[in-house]
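Just below is one structure, and these are the notes that go with it.
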Amino acid sequence: MVFRLNSLRAYITVAAIGMVIITALRRFATTNLSRAMAPHIITLNDGKQIPWLGFGTGTALYGKNATDSVRVAIANGITHLDGAQLYGNEDSLGEGIAASGKPRSELFVTTKLAKVPEGKTVRDTLVESLEKLRLDYVDLFLIHMPIHHEGKLKAVWKEFESIQKEGLAKSIGVSNFRVKDLQEVLEVATVIPAVNQIEYHPYVYKAALPVLELQKKHNIVTESYGGLTPIVRHKGGPVDPILATIRARLEKDTGKTVSEGQVLGLWLRAQDVVEVTTSSKEERVKEYVSTQELPDLTAEEVQAISEAGTKVHHRAFCKWYDD
């Protein structure tokens, strides 16, 4: 009887341990499957959500017809589309959206304010943008350059708040804002900017720390453009060997081909920084999308990239930002 009782206890113990292991494995599998199937999403300070990966129509597409590139991006799973009045191609961005056949509710579309022409309001310019985009609203409307509105930033921001209240833009934010620019807007803001889109990569990491700290205080999300600068505009720098080492580790762990550009994307993702990038090549777009399926960098890897980046300062865009 004692033997049977002990056997029963042992059986129950083993079964319980087995159930714990199975539950843990299921949870692990579910987490990784959801990452592979669903895009990474970041919640803004207004409660709205923004896809971590965005396809931009500037840089390589600046002033060019973006229709095919946008259509290809959407076909490969990108739903966050980043345009601007200054890029001069909002009409083709709208054509690409229409050609994709993707429901509006499944897309996140951004445009940005350029200089406001004499005799027009901020609202006038957005209405013109919406006509070009063939949309009733944008998900995110940004002040593109603070230097385009010197002495008027506070008034422009109040117009942005009215635009959001009207529903023409679901969320509002800024771009290329320094600490002093953010402080100027925050003095009058009843709506805190949801994002600040800036050039952000390891070689401007140190310079960006003050603005990142202020944004953290107000829960303002950072969007990065020019994130691939270390490998496309400033190769041979101190970040290169760190990226190569991490790339090798990821390839060994996943059995997949990993690029250094994807490692930079993972560095951004680890900081909850939205990545806005672009390419006219479909294979590159597929590479961006597949980054979302890769595992996170370790805290040590993130720190190693950041520390290597502090050894060099290289800004590719908006040189005035460091003034």
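Below, each value reflects all heavy atoms present in this structure, side chains not excepted, and no hydrogens, waters or symmetry copies.
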Within a reach of under 6.0 Å around [atom1] of [X], are more than 12 heavy atoms found that belong to other residues, nucleotides or ligands?
X    : atom1 : result
K158 : NZ    : yes
D136 : CG    : no
Q271 : CD    : yes
K152 : NZ    : no
K217 : NZ    : no

Q) Does K112 count as lying over the ring of F141, i.e. NZ or CZ under 6.0 Å from the six-ring centre, within 45 degrees of the axis? A) no
Could you check whether R233 makes a cation-pi contact with Y203, meaning its NZ or CZ is under 6.0 Å from the centre of the six-membered ring and within 45° of the ring axis? no
Report task. Carefully, step by step, assess T229 and V204 under the rule side-chain contact (heavy atoms from CB on, under 4.5 Å). Result -> CA-CA 10 Å; T229 291; V204 292; over 6 Å; no
Which pair of heavy atoms, one from [X] and one from [Y], lies closest together, and at what distance?
X    : Y    : result
S175 : P146 : O-CD, 3.5 Å
F160 : G173 : CE2-O, 4.1 Å
A207 : R315 : CB-NH2, 4.0 Å
H201 : G226 : CD2-O, 3.1 Å
T57  : G83  : OG1-CA, 3.4 Å
V285 : S279 : CG2-O, 4.2 Å

Salt-bridge contact [X]-[Y] (side-chain N to carboxylate O under 4.0 Å):
X    : Y    : value
E293 : K256 : yes
D272 : K216 : no
E287 : R284 : yes
K48  : D139 : no

Is [Y] close to [X] at the side-chain level, that is, under 4.5 Å between some pair of heavy atoms?
X    : Y    : answer
I50  : I41  : no
I172 : P193 : no
V116 : H149 : yes
L186 : H218 : yes
P295 : D253 : no
W157 : V174 : yes
L214 : Q183 : yes
W267 : I242 : no

Check for a donor-acceptor pair, side chain of [X] on one end and backbone N or O of [Y] on the other, with a separation under 3.5 Å.
X    : Y    : answer
N45  : N219 : yes
T79  : L107 : no
Q262 : S259 : yes
T291 : G265 : no
E199 : A316 : yes
S69  : A66  : no
N89  : K64  : yes
Q292 : V289 : yes
R104 : Y137 : yes

Side-chain heavy atoms under 4.5 angstrom apart, residues restricted to Ile, Leu, Val, Met, Phe, Trp, Tyr: same cluster for [X] and [Y]?
X    : Y    : result
L113 : V188 : no
V258 : L268 : yes
Y200 : F317 : no

Whether H40 and W52 hold their rings parallel, tilted or perpendicular, with breakpoints at 30° and 60°:
perpendicular
If only side-chain N and O atoms count, and only distance matters, is there a donor-acceptor pair under 3.5 Å linking [Y] with [X]?
X    : Y    : answer
Q85  : T125 : yes
N76  : E282 : yes
S129 : E90  : yes
D124 : T121 : yes
Q215 : T222 : yes

Applied to residues 268-298, the ring pair (Phe, Tyr, Trp, His ring centres under 6.0 Å) test, sequence neighbours excluded, yields none
Those residues at least two apart in sequence (or on a different chain) that pass ring-ring contact (aromatic ring centres under 6.0 Å, His included) with H80 are F108
For F55, the ring-ring contact (aromatic ring centres under 6.0 Å, His included) test, sequence neighbours excluded, returns none
Verdict with reasoning, H144 to F177, per ring pair (Phe, Tyr, Trp, His ring centres under 6.0 Å): CA-CA 9 Å; H144 202 158; F177 268 44; over 10 Å; no
Carefully, step by step, assess Y321 and D181 under the rule side-chain hydrogen bond (donor to acceptor under 3.5 Å, both in side chains).
CA-CA 11 Å; Y321 195 92; D181 305 315; over 6 Å; no
In Å, rounded to the nearest 0.5 Å, how long is the span from [atom1] of [X] to [atom2] of [Y]?
X    : Y    : atom1 : atom2 : value
T245 : E260 : OG1   : CD    : 9.5 Å
L266 : L297 : CG    : CG    : 4.5 Å
C318 : R178 : SG    : CZ    : 9.5 Å

The salt bridge (charged side-chain N to carboxylate O under 4.0 Å, His left out) partner of K154 among E187, E184, E161 is E187
Do E275 and Y225 pass the side-chain contact (heavy atoms from CB on, under 4.5 Å) test, and can you show the C-alpha distance, the side-chain angles, and the key distance before you say yes or no? CA-CA 7 Å; E275 180 179 25; Y225 69 83; over 6 Å; no
Item to complete: Evaluate the criterion side-chain contact (heavy atoms from CB on, under 4.5 Å) for residue pair L44 and Q49; output intermediate values, then yes/no.
Response: CA-CA 6 Å; L44 302 175; Q49 293 186 319; over 6 Å; no
Check the pair I246 / I305 against side-chain contact (heavy atoms from CB on, under 4.5 Å), numbers first and verdict last.
CA-CA 10 Å; I246 296 172; I305 294 173; 3.7 Å; yes
Self-check item: Working for side-chain hydrogen bond (donor to acceptor under 3.5 Å, both in side chains), residues T257 and E251
Solution: CA-CA 6 Å; T257 300; E251 289 186 333; 4.9 Å; no
